[in-house]
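Since the structure comes first, as C-alpha cells, the remarks are kept for the end.
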Amino acid sequence: MIENRYQPAAVEGRIYTEWEQAGAFRAGRPERAAAQPYCIVIPPPNVTGSLHMGHALNVTLQDILCRFERMRGRDVLWQPGTDHAGIATQAVVERQLLERQQPGSRKMGRDAFIRRVWEWKAESGGTIINQLKRLGASCDWSRERFTMDDGLSRAVLKVFVGLHRAGLIYKDKRLVNWDPTLETAISDLEVQQVETRGNLWHIKYPIEGSDGFIVVATTRPETMLGDVAVAVHPHNERLKHLIGKTAVLPLVGRRIPIIGDDYADPEKGSGAVKITPAHDFNDFEVGRRHGLPLINIFDETAALELTDNDDFLAGVPASAELDATLSLHGFDRFTARKTMVERLEAAGLIDKIEPTQHVVPHGDRSGAVLEPFLTDQWYVDAKTLAQPAIEAVREGKTAFVPSQWEATFFNWMENIQPWCISRQIWWGHQIPAWYGPDGKIFVAETEDDAVADALAHYVDIEEVTPEDGHDIAADPARRARFANEYLHRDEDVLDTWFSSALWPFSTLGWPDQTPELKRYYPTSALVTGFDIIFFWVARMMMMGLYCTGKVPFPVVYIHALVRDATGAKMSKSKGNVIDPLELVDKYGADALRFTLAAMAAQGRDIKLSEQRVEGYRNFATKLWNAARFAEINGCATVEGFDPRQAKETLNRWIAHETAKTAAEVTEAIEAYKFNDAASAVYRFVWNIYCDWYLELVKPILTGPDGEAMSETRAMVAWARDQILKLLHPFMPFVTEELWAVTALSKRDSLLALGKWPSLEGIGDAKAEAEIGWVIDLIAAIRSARAEMNVNVPLPLLMVHVGDHVWDRAQRWSEFIMRMARISEVTRSPIFPRGAVQLVVRGEVVALPLAGIVDLAAERARLAKEMAKADADIARIDAKLGNPNFVARAPQDVVEEEKEKREEALARKARIAEALERLKGAE
RNA sequence: GGGCGGUUAGCUCAGUCGGUAGAGCGUCUGCUUUACACGCAGGAUGUCGGCGGUUCGAGUCCGUCACCGCCCA
C-alpha cells in the first residue's frame with residue numbers, strides 16, 4: 001500500500017541512481033540509432049560555483065525540454081560540463097592560500113600555482129555537478145567536459161592559431177580596462193559603470209608668458225601628472241584665443257600645448273579639459289588626433305611610477321616642485337590624489353571644488369576602480385566575425401525567444417569593439433605565442449611548430465645558418481634547447497569566454513570530425529539568461545559560424561533572471577543569493593522545479609516566493625494521493641487498453657479531457673511557454689481528474705462488479721499514466737516513483753524513457769456536453785445550499801423538462817445524489833411553492849425548501865442574480881443599440897451578442913417568476 | 001544622453017488574432033463526505049499607473065506623462 005505522504009528526501013536520491021544505472025540519459029542509445037537527435041549544451045557553470053537560483057531555473061527549463069524530447073523518442077544529448085572560469089577560480093585559490101597563510105601565487109611560481117588550482121578543482125570541482133543532479137538534471141554525465149580538458153584546449157589552440165593566420169587575432173598596444181587589484185586586463189563587458197559621488201576639481205594651469213591661467217576641470221586630479229595638453233572647444237568664445245598658447249603643468253613644470261578640439265564641451269566644467277592620453281579613453285582619441293605623446297604614470301597596481309620614468313621626465317626642467325612630486329613615487333593613486341590636491345591648494349592653484357555625481361568604472365570580479373592602462377594585449381577582430389552572426393539572426397537561422405532580445409543582440413553586435421582576450425593571470429589557456437630574441441612573434445599550436453617557424457625565420461634573415469637550422473630541426477633535444485634558449489612563450493592566458501565560445505562544438509570533439517559532432521551539431525536549442533547574451537551567446541554565434549560554417553543553434557531561449565527582493569541581480573560578491581538546495585531539502589526538487597517552470601513566463605524577472613514552492617509541494621502530495629486512491633480501488637494499468645473503445649460516458653469524457661490537456665502541454669512546451677504547460681497540467685490533475693473524475697467514479701468503483709467497473713478501473717489507471725507522463729518533465733522524481741509503485745508487474749521501461757502521450761483523435765463533444773451539465777448542476781446545487789446554509793439532504797425536482805433531459809437526469813441521479821447531497825431526483829410538471837429555483841444550462845431545477853429555507857436569504861440571492869441579469873442586459877443593449885456596432889462588427893460577434901441577450905432575458909424572466917412565487921409563499 | 005522592460009485582486013504573478021478580467025497564496029463561511037486537512041465545499045475582493053487618441057468596442061493598438069527596474073554610453 002502506498003503511504004499517504006510523498007517523501008521526496010527518501011526517494012530522490014534512489015530514483016536518480018536508477019536513472020544513471022539504466023543509462024537513461026545516455027546519448028546514442030542503440031535503440032534510438034534511427035531516431036532524430038536532439039541536443040542542448042548546458043551553459044557550463046564555473047567550477048568554483050555552487051548552485052544558485054539562476055542555475056536552478058536554467059537547468060530546470062533545459063531538463064524539461066530534454067525529458068520532453070526524450071519521451072517523444074528522440075536521441076537526446078544534454079551535454080554537461082564546467083568552465084574553468086579563469087579569474088574567478090584563480091581568485092578563489094589565492095584567497096584560500098591567504099586564509100591558510102600559505103605562500104601566494106607569485107611566491108609559488110606559475111607551475112606550482114597551477115598544480116595547486118588543479119588540486120583544488122579535483123577536490124571541489126564536483127560540487128556543482130552533484131547539485132545539478134539533485135535537481136534532477138538529465139545530462140549525459142558520461143560526456144562531461146571541462147573547458148581545460150585536453151580536447152577542448154586543443155580546440156582553443158586551433159582557433160587561436162587559425163584566427164591569427166587569418167588576421168582576425170592580433171596584438172595591439174592601446175588602452176585597456178585594467179584591474180589594478182587583479183593586475184590584469186579585462187574586456188569591456190567586464191566593466192561595471194557605477195554611479196559615484198565625487199568632486200570636480202577646477203585647477204588653474206599657468207599660461208606661459210603671461211600672468212593668466214587656464215582652468216581645467218577634472219574628477220581625477222592625480223592623472224594630471226600624465227597631462228600632455230589642454231583642450232578647449234574651437235568655438236568657445238571665452239577661451240578660443242588661448243589655442244596655440246602653452247600651459248605649464250603645475251607640480252611638474254611640463255610645457256603642454258593648448259589645443260582646439262570639439263571634445264572639450266564649453267558647457268561642462270570650466271570649458272577646458274586636461275588631456276591625459278595614457279589614462280583616459282577619450283583623451284587617448286584626442287591625443288591620437290593631435291599627435292600627442294602618451295605618458296603613463298602608473299604601475300600595474302595603479303601606484304605612481306615616476307622616478308626613472310623617461311616619458312614622465314622628458315623635457316621637464318629640474319625644480320624643487322618636481323622633486324616634491326617625485327617623492328610621491330610608489331604612492332597609491334588615491335593617496336597621491338589627496339596629497340596633490342593639498343599641494344595645489346597651498347599653491348593657490350585650486351579655483352574651486354564642485355561636488356559631482358559621475359560614473360566610475362569598476363571591475364565586475366574584484367570591485368576595484370579600473371584604470372585605463374596602456375598595454376600590449378591580444379585582440380579578436382570582433383567586428384569582422386560579427387557580420388555573419390548578424391546575418392544569421394537577420395535571416396532567421398537563429399531565432400531568439402522571446403524575439404525582443406534580437407534588438408539587444410543587433411544593437412551590441414553592430415557596435416562591437418575589438419575583444420581583448422589576453423589576461424595577465426595563470427589559470428587558463430596560455431596563449432600559444434612565442435617571442436624570438438628580436439621580438440618576432442611565432443604563433444603556433446605547439447612549441448615544436450613554433451620552433452619550426454622560428455628556425456625558418458632566423459634562417460631566412462641569416463641569423464642561423466641553413467645547416468644549423470636543418471640540424472636543430474632534425475633533433476628533438478636540440479629543438480627543445482633552442483626553444484628554451486631563444487624563444488619565450490607569452491605569459492598570458494586567454495579570456496575564459498574564449499573557450500566558452502567554442503563550447504557547442506568543442507565538447508563534441510571538434511576539430512576532429514567525430515560522429516558526435518556530425519550527429520548533434522548544430523545543437524537544437526540554447527537556454528540561457530539575458531545577462532550573458534554578449535559574453536557568451538554572441539561569441540558562440542561568431543565562433544560557431546567561423547569554425548564550422550553553421551550557426552550553433554537554431555533557437556536561443558532567453559529566460560528571466562531570478563532576482564533578490566530588491567530586484568538586484570543575485571551574485572556571489574553581493575552575497576544576496578538564495579540557496580535552492582534549502583528549498584529542495586524542505587519541499588523536494590519537484591516542487592522547486594514546478595515553481596520555476598510555472599513562473600518562467602517570457603520576458604519577466606522572477607521574484608521567488610517560498611509559499612509558491614509549498615503550494616506545488618502540496619500538488620505533488622495531491623498527485624500521490626490520487627494514485628493511492630487508484631490503488632485502493634483496484635485500478636491498475638491494463639495492457640493494450642484503448643480509451644477510444646470506452647463505452648461509459650464518464651470515461652469517454654475523461655479521455656477527452658486528457659487528450660485536450662496533452663495537446664495543450666505539448667503545444668506549450670514546443671513554444672517554450674513553460675508556464676502555460678505547467679498550469680495546463682496542474683489544472684487538469686487537480687481540478688478535473690481529482691475534483692471531478694475521481695469523485696464521479698466512486699459510485700462505479702464501489703458498485704457491483706461488471707463491465708462498467710472494469711472499464712472504469714482501466715480508465716482511472718490509464719488517465720493516471722498519462723498524467724505521470726505529462727508531468728514527468730516538470731516533476732521527474734515523484735512521477736518516476738509513482739510509475740514504479742503503481743505497476744502490478746514491472747513496467748517496460750523507466751518513465752524517463754517512456755513514450756510521450758500522443759492522443760490525437762480522442763475527443764467526444766457529446767460526452768463533454770453531458771458531463772459538463774452534470775458538473776454545472778452539482779456546482780449550482782452546492783452553491784445554493786452553501787449560500788442558504790442548508791446542510792440536510794434535499795430532493796431535487798426537474799421542473800417541466802423534456803424527455804431527454806429527464807433521461808439524462810435519471811442516468812446521473814446516483815452521482816448527483818452523492819455529490820450534491822440529494823435524497824432523490826424526481827420530475828415535476830409544476831414549480832412547488834417555496835422552492836428554490838436554479839437554472840443550469842437553460843434547464844430549470846428546483847430544490848423544495850419550503851419551511852427550511854430562509855426566505856430572506858433566498859430573496860437576497862435572487863435579487864443578486866437579478867441585478868447581474870439586468871447588468872448583462874443593459875450592457876448588451878448598449879452595444880446592440882449602437883448602429884455602428886451592428887454595422888461594423890463582424891456578423892458572428894453581433895449574432896453572439898443577440899444570443900446572449902436572449903439568454904439573459906430568459907434568465908431574468910425566470911428569476912422574476914421565482915421572486916413572484918416567493919411572495920406567494922409568504 | 002540612447003535603448004529596453006515593468007506598473008492588473010491584500011501579496012506574487014498570468015492574460016501572444018482587440019469582443020463582458022484570471023491563477024496560486026492569503027482572507028471569510030461551512031465541513032472528522034470511506035485518496036489527500038500538504039484536504040473538501042462555497043464566498044468576497046480589481047476606475048487593469050494617469051491623461052489623450054484610434055476603433056462599433058482597448059488590460060490588449062498608438063501618443064504622452066509619472067513612478068520602478070535593467071542594459072548601453
Side-chain angles (χ1 to χ4, degrees), chain A residues 1-6 188-189 191-193 281-282 359 361 402-405 407-408 410-412 415 530-531 533-534 560-561 563 565-569 587-588 591 595 598-633 635 671 673 675-676 678-679 682-683 686-687 690-691 694-695 698 701-702 716 778-779 781-791 818-821 864 868 871-872 874-876 878-890 892-894 896-897 900 904:
Chain A
M1 175 71 81
I2 305 175
E3 297 296 315
N4 80 338
R5 284 285 164 85
Y6 167 62
D188 299 350
L189 281 175
V191 178
Q192 296 284 319
Q193 301 291 350
F281 288 99
N282 290 311
V359 288
S403 59
Q404 73 207 38
W405 292 107
T408 307
F410 287 136
N411 185 46
W412 189 68
N415 298 295
F530 62 79
D531 53 327
I533 290 178
F534 304 146
L561 231 51
R563 295 181 179 277
T566 64
K569 187 173 156 182
Y587 302 106
T595 307
M599 294 183 83
Q602 292 176 4
R604 186 137 163 174
D605 294 339
I606 293 178
K607 275 188 252 167
L608 200 67
S609 94
E610 187 168 331
Q611 277 189 330
R612 194 88 186 245
V613 183
E614 189 183 353
Y616 290 124
R617 186 274 317 267
N618 296 352
F619 177 56
T621 307
K622 184 76 180 175
L623 175 73
W624 187 260
N625 277 289
R628 187 162 172 262
F629 170 83
E631 187 193 47
I632 289 166
N633 288 283
C635 305
K673 293 179 178 173
N675 58 323
D676 287 351
S679 63
Y682 180 94
R683 205 189 313 265
W686 202 313
N687 303 119
C690 291
D691 285 352
L694 294 187
E695 293 301 328
K698 279 175 182 173
L701 295 179
T702 55
V716 166
I778 293 167
I781 296 167
R782 281 172 172 174
S783 179
R785 72 187 317 150
E787 252 177 279
M788 276 170 286
N789 240 331
V790 177
N791 282 320
R818 179 190 178 92
M819 294 186 68
R821 295 200 83 188
K864 205 171 85 182
K868 187 167 185 322
D872 286 351
R875 186 179 44 76
I876 297 166
K879 252 187 185 181
L880 290 171
N882 180 343
N884 277 326
F885 175 72
V886 181
R888 301 198 190 189
D892 54 331
V893 173
V894 177
E896 206 179 304
E897 290 297 324
K900 281 186 199 162

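The model shown is predicted, which means the values in this text are computed figures rather than measured ones.
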Problem set entry | Between B:rC36 (P) and A:Y616 (OH): distance, integer Å | 24 Å
Exercise. Does the side chain of A:K622 get closer than 4.0 angstrom to OP1 or OP2 of B:rC40 through an N or O atom?
Worked result: yes
Exercise. Which value, in whole Å, describes the distance between the P atoms of nucleotides B:rA23 and B:rG42?
Worked result: 13 Å
Exercise. Where does the angle between the aromatic ring planes of A:F619 and A:W686 fall among parallel (under 30°), tilted (30 to 60°) and perpendicular (over 60°)?
Worked result: parallel
Exercise. To the nearest angstrom, how far is A:E896 atom CD from B:rU20 atom P?
Worked result: 8 Å
Problem set entry | Watson-Crick or G-U wobble partner of B:rU64, both distances under 3.5 Å | B:rG50
Exercise. For B:rC70, does the glycosidic angle fall within 90° of 0 (syn) or outside that (anti)?
Worked result: anti
Problem set entry | Any A:S783 side-chain nitrogen or oxygen under 4.0 Å from OP1 or OP2 of B:rG43 | yes
Exercise. In whole Å, what is the span from the CD atom of A:E631 to the P atom of B:rU34?
Worked result: 19 Å
Seminar exercise, completed: As its Watson-Crick or G-U partner within any shown strand, both distances under 3.5 Å, B:rA35 has none
For this session: May I have the distance from A:R617 (atom CZ) to B:rC38 (atom C1'), rounded to whole angstrom?
Result: 5 Å
Problem set entry | Nucleotide B:rC40, atom C1' - distance to NZ of A:K698 in whole Å | 9 Å
Exercise. Does B:rG30 have a Watson-Crick or wobble mate here (both distances under 3.5 Å), and if so which one?
Worked result: B:rC40
Exercise. If we call it a pair only when both distances are under 3.5 Å in a Watson-Crick or G-U wobble match, what pairs with B:rA58?
Worked result: none
Problem set entry | N or O in side chain of A:W405 less than 4.0 angstrom from B:rG3 OP1/OP2 | no
Seminar exercise, completed: Any strand, both distances under 3.5 Å, Watson-Crick or G-U wobble: B:rC25 pairs with B:rG10
For this session: Please name all residues satisfying salt bridge (Lys or Arg N to Asp or Glu O under 4.0 Å) with A:R785, sequence neighbours left out, ordered by chain then number.
Result: none
Exercise. Which base, if any, makes a Watson-Crick or G-U wobble pair with B:rU45, both distances under 3.5 Å?
Worked result: none
For this session: Just call it for A:N415: base, sugar-phosphate, or nothing, with non-hydrogen atoms closer than 4.0 Å on any strand.
Result: nothing
For this session: Kindly say whether, by distance alone, the side chain of A:E695 makes a donor-acceptor pair under 3.5 Å with the base of B:rA41?
Result: no
Exercise. Counting only distance, no hydrogens or angles, is the base of B:rC36 paired donor-acceptor with the side chain of A:R628 under 3.5 Å?
Worked result: no
Problem set entry | Protein-nucleotide distance (A:M599, atom CE; B:rG24, atom P), rounded to Å | 15 Å
Problem set entry | Between A:Y616 and A:Y587, ring centroids under 6.0 Å | no
For this session: Using a heavy-atom cut-off of under 4.0 Å over every strand shown, decide if A:R782 touches base, sugar-phosphate, or nothing.
Result: sugar-phosphate
Problem set entry | Spacing of the C1' atoms in B:rC31 and B:rC70 (rounded, Å) | 49 Å
Exercise. Has A:N411 got a side-chain N or O lying under 4.0 Å from the OP1 or OP2 atom of B:rC4?
Worked result: no
For this session: Answer with base, sugar-phosphate or nothing: what part of the nucleic acid does A:R821 contact at a heavy-atom distance below 4.0 Å?
Result: nothing
Exercise. Is there a Watson-Crick or G-U wobble partner for B:rG1 with both distances under 3.5 Å, and which nucleotide is it?
Worked result: B:rC72
Problem set entry | Any donor-acceptor N/O pair under 3.5 Å between B:rU20 base and A:K900 side chain | no
Problem set entry | Any A:R785 side-chain N or O less than 4.0 Å from OP1/OP2 of B:rG42 | no
